[in-house]
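The structure appears below as structure tokens.
Values below: all heavy atoms of this structure, side chains included; hydrogens, waters and symmetry mates excluded. Order of appearance sets the numbers: ligands from 1, and atoms from 1 within every ligand. Worth saying up front: this structure is predicted, and the values here are computed from it rather than measured. Here, residue 1 is the first one in the sequence, and each next residue gets the next number.
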Amino acid sequence: MTDTPAPASESAPESASVPTPVVLPEPTTARPVPGQLTFQAPRRGKPPRHLADLTPAERKEAVESLGHKGFRAKQLSTHYFERLEDDPEQMTDLPKAVRSELVAGLLPTLLTPIVQRVADDGQTMKYAWRLHDGAIVESVLMRYPKRVTICISSQAGCGMNCPFCATGQAGLTRNMSAGEIVEQVVWAARALRRGELAGGGDEDREAPLRVSNVVFMGMGEALANYKASIGAIRRLTDPAPDGLGMSARGITMSTVGLVPGIDKLTAEGIPVTLALSLHAPDDELRNELVPINTRWSVDEALDAAYRYFEATGRRVSIEYALIRDINDQGWRADLLGEKLNRRGRGWVHVNPIPLNPTPGSKWTASRPGVEQNFVERLRAHGIPTTIRDTRGQDIDGACGQLAASTA
Ligand code: SAH
């Protein structure tokens with residue numbers, strides 16, 4: 001989900017402080033299958049169990065089943081979620097013998113950093129992680145004047161096969177665990193605490209620097225890995241020490257439009273922001289751009305998004321990558337405006353994103369005048385519309401290139 005073209009600093013040498021890669025283990029099962037819709041993630045060895053996979057009650061059980069007192073679970077949670085502690089030596093309220101066993105049993109290493117790149121004068125960091133089985137995922141940490149956003153992955157690869165997205169082209173390797181999803185955020189929080197991200201305005205100096213926003217816009221379709229993704233959302237939003245205590249409003253769930261997944265999320269009653277990757281208002285084109293549309297049509301996806309708004313009161317984002325001469329015609333802006341207004345007013349805003357080119361793709365971003373016209377046509381329908389800046393000022397949603405460089 002980084003942007004293009006890469007700023008000069010983005011090609012900075014890989015950080016010397018990250019461990020040298022070791023030999024990757026062979027994948028345990030078949031390789032991902034690019035070029036088709038894949039729901040069922042290939043089965044591979046499970047990631048080790050982690051505290052962040054578990055509810056507070058399950059943590060207590062897990063600690064007890066290791067032969068320790070139940071209250072140790074809360075101590076571990078406090079170290080992990082509240083203090084962001086990663087050094088077992090500092091967990092001095094746990095007797096030494098207990099400590100190593102509990103850390104091994106509940107705080108195993110899930111992510112090994114293999115590449116770390118800096119962009120935008122140090123205000124953007126991109127991490128590539130190796131998971132326990134050799135699968136590689138990425139996250140991007142971005143600092144703005146009043147917020148810090150991390151874009152996280154929920155699957156290694158993706159099975160949704162959108163032809164303009166590099167991740168989609170690589171196919172699905174496997175689902176990530178809740179722990180692996182949460183660890184990306186905890187890593188980021190630690191990096192911030194160590195002062196590794198430049199930037200921020202004067203108004204930021206006083207307040208402690210925290211990750212304020214999490215967007216599920218990295219690799220993967222999070223709603224196709226529902227259980228782990230919702231578990232991760234709970235860990236992020238549960239108050240410390242059970243979780244990181246983030247505001248649900250700062251979390252964005254982005255989806256191709258898996259209608260049953262959207263409905264399930266609606267029923268959870270957690271007011272995260274929903275982003276629907278629409279990219280076309282008509283089924284004929286969307287079938288091509290977002291192949292899942294052959295299963296759930298534009299109207300079905302929009303209805304589900306509207307139900308989400310009705311239940312949560314959260315305004316839905318419509319993502320629309322503007323692709324030159326493909327989906328950027330004025331009549332498509334009108335059709336989109338009509339379809340959104342037909343369902344109601346004030347429930348939605350549109351985020352057009354100039355397409356980020358990806359390797360092997362014949363498509364490119366719309367011409368600026370065309371882009372502006374598209375925006376104006378939507379606004380004329382009364383739809384709040386904001387272009388996302390491809391340069392990286394607001395790349396929360398400008399995705400599609402993850403896995404291109406490192407996987
Ligand atoms: N599976 C989720 C998350 C994907 S990445 C989803 O589809 O919503 C987040 C956003 O980036 C999606 O809207 C996706 O369609 C968009 N995207 C993918 N490739 C892109 C590209 N090359 N240029 C611009 N946006 C892209």
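Interface atoms of ligand 1 facing N356, defined by a heavy-atom separation under 4.0 Å, are 21 (C), 22 (N), 23 (N), 24 (C). Atom numbering of ligand 1 starts at 1 in the shown order; those under 4.0 Å from a heavy atom of E319 are 13 (O). If you number the atoms of ligand 1 from 1 as listed, the ones under 4.0 Å from a heavy atom of C165 come out as 18 (C), 19 (N). Those atoms of ligand 1 that come under 4.0 Å of a heavy atom in L355, given as number and element, are 21 (C), 22 (N), 23 (N). Every atom of ligand 1 is numbered from 1 in the order shown, and the set under 4.0 Å from a heavy atom of V256 is 6 (C), 7 (O), 8 (O).
Neither the backbone nor the side chain of L276 comes within contact range of ligand 1; no heavy atom lies under 4.0 Å.
H349 and S317 share a donor-acceptor pair across their side chains, judged by distance under 3.5 Å alone. S154 and E221 are not linked by any side-chain donor-acceptor pair at a separation below 3.5 angstrom, with hydrogens and angles left out of the test. At a cut-off of 3.5 Å, with distance as the only test, no side-chain donor of T364 or R324 sits close to an acceptor on the other residue.
Taking distance alone, with nitrogen or oxygen atoms compared against 3.5 Å, T358 stays at or beyond that limit from ligand 1. Backbone and side-chain nitrogen or oxygen atoms of P357 are examined, and none is located within less than 3.5 angstrom of a nitrogen or oxygen of ligand 1.
Checked for salt-bridge contact, R367 and D325 meet the test: a charged N lies under 4.0 Å from a carboxylate O.
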Return all side-chain donor-acceptor pairs below 3.5 angstrom for residues 256-266, not counting sequence neighbours, or 'none' if the list is empty.
{"from": "D263", "atom 1": "OD1", "to": "R307", "atom 2": "NE", "distance (Å)": "3.2"}
{"from": "D263", "atom 1": "OD1", "to": "R307", "atom 2": "NH2", "distance (Å)": "3.2"}
{"from": "D263", "atom 1": "OD2", "to": "R307", "atom 2": "NH2", "distance (Å)": "3.1"}
{"from": "T266", "atom 1": "OG1", "to": "I262", "atom 2": "O", "distance (Å)": "2.8"}

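Ligand 1 is approached by G220 to a heavy-atom distance shorter than 4.0 Å. Distances shorter than 4.0 angstrom occur between a heavy atom of H279 and an atom of ligand 1.
Counting heavy atoms from C-beta on, the side chains of V182 and L110 never come closer than 4.5 Å.
Checked against side chain to side chain donor-acceptor pair (under 3.5 Å), N293 has the following partners two or more places apart in sequence or in another chain: D283, R286, N287.
For the residues S277, A224, P352, A222, the heavy atom positioned nearest atom 8 (O) of ligand 1 is part of S277.
The aromatic rings of Y80 and H50 lie perpendicular to each other, with more than 60° between the two planes, well past the 30° mark.
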